[in-house]
Every structure is written in structure tokens, then in C-alpha cells.
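This report refers to the structure that appears directly beneath it.
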Amino acid sequence: MSDPNLDQICAAIKADDAKYLYSLPLAPEGRYQAVEARLTDLNQRIVDTLARAFEDRSADSFPALAVSCGKCRVGSTALTNLFGIAGLPSYYQPVKTVMRFEALGQPSAPWIVPDRATTPLVHCKEMTGPYLLAECLFDPIDLLVAAGYPAAKITMVALEREPVASLDSWLEKWSQHRAPATLVQHYLLSALNAARIERNARRHGIRVVNYVYEASKHPHAAVAALLDCFDLGDRFTPALVDDWGKRGSLESPESLVRFPVEPAPYVMVGLHASETRYRFKDRNVSYVTDEMRALLARKGITDIYARARNACFTQLKLEPEAI
């Protein structure tokens with residue numbers, strides 16, 4: 001993707017120009033995408049797949065759904081595990097997984113959501129990026145609503161993390177799979193699109209709860225406040241944060257995260273660390289250059305984070321100066 005095209009796509013995301021974004025040609029790169037398509041084509045296939053499990057259900061049968069959404073590498077998997085340990089069915093990227101199968105031209109299975117009568121609240125995470133342009137531009141919440149999930153049942157947890165640290169994590173984790181220059185471009189698009197997803201959610205009348213990774217520097221206060229947003233405050237205990245044990249190993253049978261079957265090219269062993277508790281992990285930035293830092297500021301990514309941070313501490317009644 002050339003720099004002028006990158007600028008044009010960034011401008012379209014900021015302007016919420018869905019017509020332009022959905023018409024973009026998505027050329028297969030050989031490993032992660034095997035079919036040529038436009039985003040609108042992939043979107044329709046995702047909607048058709050999800051609708052197979054949604055279309056015959058009454059609106060009342062759907063549980064309340066918390067969708068944690070943002071760019072990759074913002075602490076989303078640890079938070080997904082946290083919701084699971086708190087007792088919720090907590091799913092790992094059910095919508096994005098459908099997209100990945102469709103990008104490879106392979107059949108995909110719909111997401112089977114439990115009935116509200118037995119499971120009043122479920123959680124899933126859906127993150128933008130990193131491999132494909134389609135992953136950077138899709139809107140999982142909009143797709144869920146289009147497939148028949150009632151917007152009134154959805155709450156978006158808009159996730160963010162300090163941009164330099166999260167970009168550095170992208171470059172560390174995925175530079176052997178995608179060229180660093182491509183990762184930087186995909187990061188910019190994913191970060192801008194995450195903000196667009198939040199705007200779209202609000203247009204649907206969906207409640208948005210902002211949560212930044214840096215709030216986990218004070219994990220007890222942050223987790224208690226976040227659970228309160230879903231009337232789950234009575235489930236908070238210090239052990240929920242401090243004592244994960246084997247449940248913190250996401251590749252173990254004890255993990256409470258519900259992982260889908262992913263297409264083979266996307267399976268990456270060791271992507272997620274094993275943790276014994278929920279905690280902030282400071283990052284020694286090693287991959288982000290001064291030029292990349294300037295690009296984050298120029299494209300507005302730094303400002304997006306600042307707004308999300310302020311919203312997080314306002315909504316959760318935390319102390320921003322302590323973070």
C-alpha cells in the first residue's frame with residue numbers, strides 16, 4: 001500500500017466514508033488471504049454466516065453482550081480471561097474468525113450464543129488488525145447488528161493503550177509474519193478504525209464504556225469499577241485479580257476463554273503469555289523509531305488515546321494523575 005493510498009484510507013476512516021472503505025479492492029497476499037474481494041463482499045459473507053444462528057431467535061432470547069473492541073495488543077486477552085474468571089462465557093474473536101475463514105475462501109461456522117434464560121450476560125473480544133487490510137477496517141459490532149443481534153443488548157468496551165507501547169508490541173510479535181512497514185500502516189488504520197467503530201456503536205444507540213490498559217496499574221480499583229458497569233460488582237474479590245493459577249495459561253485446559261477453531265495460517269503458538277494474575281506490564285520500547293512516533297502524532301493516534309484515557313477515568317471514577 002503506497003503512502004498516498006494510506007493517506008486516503010486514513011482520511012476515509014476519519015470521515016466515516018463507508019462507501020469508499022467498503023469498495024476498496026482487497027488483493028490476496030497468499031498466506032492470510034486467498035481470494036480477491038472488496039470489504040463489502042467479506043462483510044456480507046460474515047453477516048450471512050452469523051445470521052444462520054441468529055435469524056430464528058426472538059430478540060428476548062439474546063443475552064446482554066459486552067464486546068471488548070479496539071486495536072490489537074491493548075491487553076484485550078487478559079481482560080477476556082478476567083471476564084471468564086468472573087463467571088461469564090468469554091469468547092475470543094468470534095466475528096473476526098469468520099472473516100479469516102472467508103478471506104481464505106473456506107467455509108466458516110456461525111457463532112452459537114447461549115440463551116438469555118440460562119446465560120444473561122456474555123463477553124467477547126474483537127480486535128482490529130494486524131495481518132490483512134480487511135482486519136484493519138472491519139466493524140464487528142456493526143456486523144453483529146446487521147446479522148440480527150439486537151443493538152439494545154450490546155455494550156461496547158472500547159479498549160485503548162498508549163500508542164507507542166502498543167505499536168512496539170505489534171512490531172515485536174508480528175515482524176516475522178508481516179513486513180514492519182506494513183505493520184506500521186496496518187497499526188495506523190486499526191487505531192483509526194477502532195475509534196470509528198466506537199462512533200458507529202454510538203449511532204446504533206449502543207452504550208460505550210472506555211477502558212485503557214494503563215488503568216490496570218491499579219488493578220483492583222479498575223476491575224471493580226469495570227464490573228460495576230455490568231452490575232457485576234458483587235463478583236469482585238481480590239482473588240479475581242491476584243489468583244488466576246492455571247486459569248491464566250490460555251493454552252491450558254483450565255483456561256476459561258472460549259477459543260474458536262482458527263484457520264491454520266493464523267494459529268500462532270506463544271502469542272499470549274501465561275499470567276498468574278491481572279496486572280499492568282510496563283514495556284521497554286525497542287522497535288518504535290522517532291519517525292514512527294512522529295507519525296502516530298501526525299495521524300491523530302496520540303490524540304485518540306488521550307481522549308480515551310480521559311473518558312476511562314471519568315466513567316470509572318479513577319484518578320488519572322496516578323496513571
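For reference, positions follow the sequence shown, starting with 1.
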So do [Y] and [X] actually touch side chain to side chain, heavy atoms under 4.5 Å?
{"X": "Arg293", "Y": "Val285", "value": "yes"}
{"X": "Leu143", "Y": "Gln44", "value": "no"}
{"X": "Ile9", "Y": "Leu137", "value": "yes"}
{"X": "Val209", "Y": "Cys229", "value": "yes"}
{"X": "Met292", "Y": "Leu171", "value": "yes"}
{"X": "Asn310", "Y": "Gln315", "value": "no"}
{"X": "Asn81", "Y": "Thr77", "value": "no"}
{"X": "Leu104", "Y": "Val35", "value": "no"}

Q: With side-chain contact (heavy atoms from CB on, under 4.5 Å) as the test, would you mind laying out the steps for Leu79 and Tyr211 before giving the verdict?
A: CA-CA 10 Å; Leu79 204 63; Tyr211 187 87; 4.2 Å; yes
What is the distance from atom [atom1] of [X] to atom [atom2] of [Y], rounded to the nearest 0.5 Å?
{"X": "Leu240", "Y": "Leu82", "atom1": "CG", "atom2": "CG", "result": "5.0 Å"}
{"X": "Glu135", "Y": "Gln93", "atom1": "CD", "atom2": "CD", "result": "8.0 Å"}
{"X": "Asp282", "Y": "Lys217", "atom1": "CG", "atom2": "NZ", "result": "6.5 Å"}
{"X": "Ile13", "Y": "Gln8", "atom1": "CD1", "atom2": "CD", "result": "11.5 Å"}
{"X": "His186", "Y": "Leu6", "atom1": "NE2", "atom2": "CG", "result": "9.0 Å"}
{"X": "Ile197", "Y": "Met156", "atom1": "CD1", "atom2": "CE", "result": "6.0 Å"}

Q.
Please enumerate all residues that pass salt bridge (charged side-chain N to carboxylate O under 4.0 Å, His left out) together with Glu162, with sequence neighbours excluded.
A. none
Q | Set of salt bridge (charged side-chain N to carboxylate O under 4.0 Å, His left out) partners for Arg307, sequence neighbours left out | A | none
Taking atom types as modelled, find out whether [X] and [Y] have a side-chain donor-acceptor pair closer than 3.5 angstrom.
{"X": "Lys125", "Y": "Thr80", "value": "no"}
{"X": "Tyr287", "Y": "Trp170", "value": "no"}
{"X": "Asp139", "Y": "Asn200", "value": "yes"}
{"X": "Ser169", "Y": "Arg73", "value": "yes"}
{"X": "Ser108", "Y": "Glu102", "value": "yes"}

Contact summary for [X] and [Y], nearest pair of heavy atoms:
{"X": "Ala225", "Y": "Leu316", "value": "CB-O, 3.6 Å"}
{"X": "Leu189", "Y": "Cys10", "value": "CD2-SG, 3.8 Å"}
{"X": "Ala194", "Y": "Gly70", "value": "CB-CA, 3.9 Å"}
{"X": "Ala151", "Y": "Val145", "value": "CB-CG2, 4.1 Å"}
{"X": "Lys281", "Y": "Arg161", "value": "O-NH2, 4.3 Å"}
{"X": "Pro163", "Y": "Thr302", "value": "CG-CA, 4.2 Å"}

Q. Taking only residues two or more places apart in sequence, or in another chain, which ones meet Arg38 in a side chain to side chain donor-acceptor pair (under 3.5 Å)?
A. Asp41
Q: With sequence neighbours excluded, tell me which residues meet side chain to side chain donor-acceptor pair (under 3.5 Å) with Ser68.
A: His123
Is it true that a side-chain atom of [X] and a backbone atom of [Y] form a donor plus acceptor pair closer than 3.5 Å?
{"X": "Thr97", "Y": "Pro94", "answer": "no"}
{"X": "Thr128", "Y": "Ser190", "answer": "yes"}
{"X": "Gln33", "Y": "Leu26", "answer": "yes"}
{"X": "Tyr305", "Y": "Val212", "answer": "no"}
{"X": "Ser216", "Y": "Pro219", "answer": "no"}

Scan for salt bridge (Lys or Arg N to Asp or Glu O under 4.0 Å) pairs involving [range], sequence neighbours excluded, and state none if there are none.
{"range": "residues 176-196", "value": "Glu29-Arg178"}
{"range": "residues 9-26", "value": "Asp16-Arg199, Asp16-Arg203"}
{"range": "residues 230-244", "value": "none"}
{"range": "residues 49-71", "value": "Asp60-Arg116, Lys71-Glu160"}

(Q) Could you list the cluster mates of Tyr213? Members are the ILVMFWY residues connected by side-chain heavy atoms closer than 4.5 Å, either directly or through other members. (A) Phe280
Q: List the steps, then state whether side-chain contact (heavy atoms from CB on, under 4.5 Å) holds for Leu183 with Ser175.
A: CA-CA 7 Å; Leu183 288 174; Ser175 286; 3.8 Å; yes
Q: Say whether Val47 and Phe101 are linked into one hydrophobic cluster, either directly or through other cluster members, by side-chain heavy-atom distances under 4.5 angstrom.
A: no
Q) When you look at Asp168 and Arg283, which way does the side-chain contact (heavy atoms from CB on, under 4.5 Å) test go after all the steps? A) CA-CA 9 Å; Asp168 199 71; Arg283 182 167 190 85; 2.8 Å; yes
Q.
I'd like to check the side-chain contact (heavy atoms from CB on, under 4.5 Å) partners of Arg202; sequence neighbours left out, ordered by chain and number.
A. Glu198, Val208, Asn210
Q: Name all pairs fulfilling the ring-ring contact (aromatic ring centres under 6.0 Å, His included) condition that reach into residues 37-80, sequence neighbours left out, sorted by first residue then second.
A: Phe54-Phe62, Phe54-Tyr149, Phe62-Tyr149
**Q.** Evaluation steps, side-chain contact (heavy atoms from CB on, under 4.5 Å), between Val122 and Leu88
**A.** CA-CA 6 Å; Val122 301; Leu88 275 63; 6.0 Å; no
Sequence neighbours left out, cut at 3.5 Å: what donor-acceptor pairs do the side chains of residues 258-269 make with other protein atoms?
from	atom 1	to	atom 2	distance (Å)
Arg258	NH1	Tyr91	OH	3.4
Glu262	OE2	Arg100	NH1	2.9
Tyr266	OH	Tyr32	O	2.7

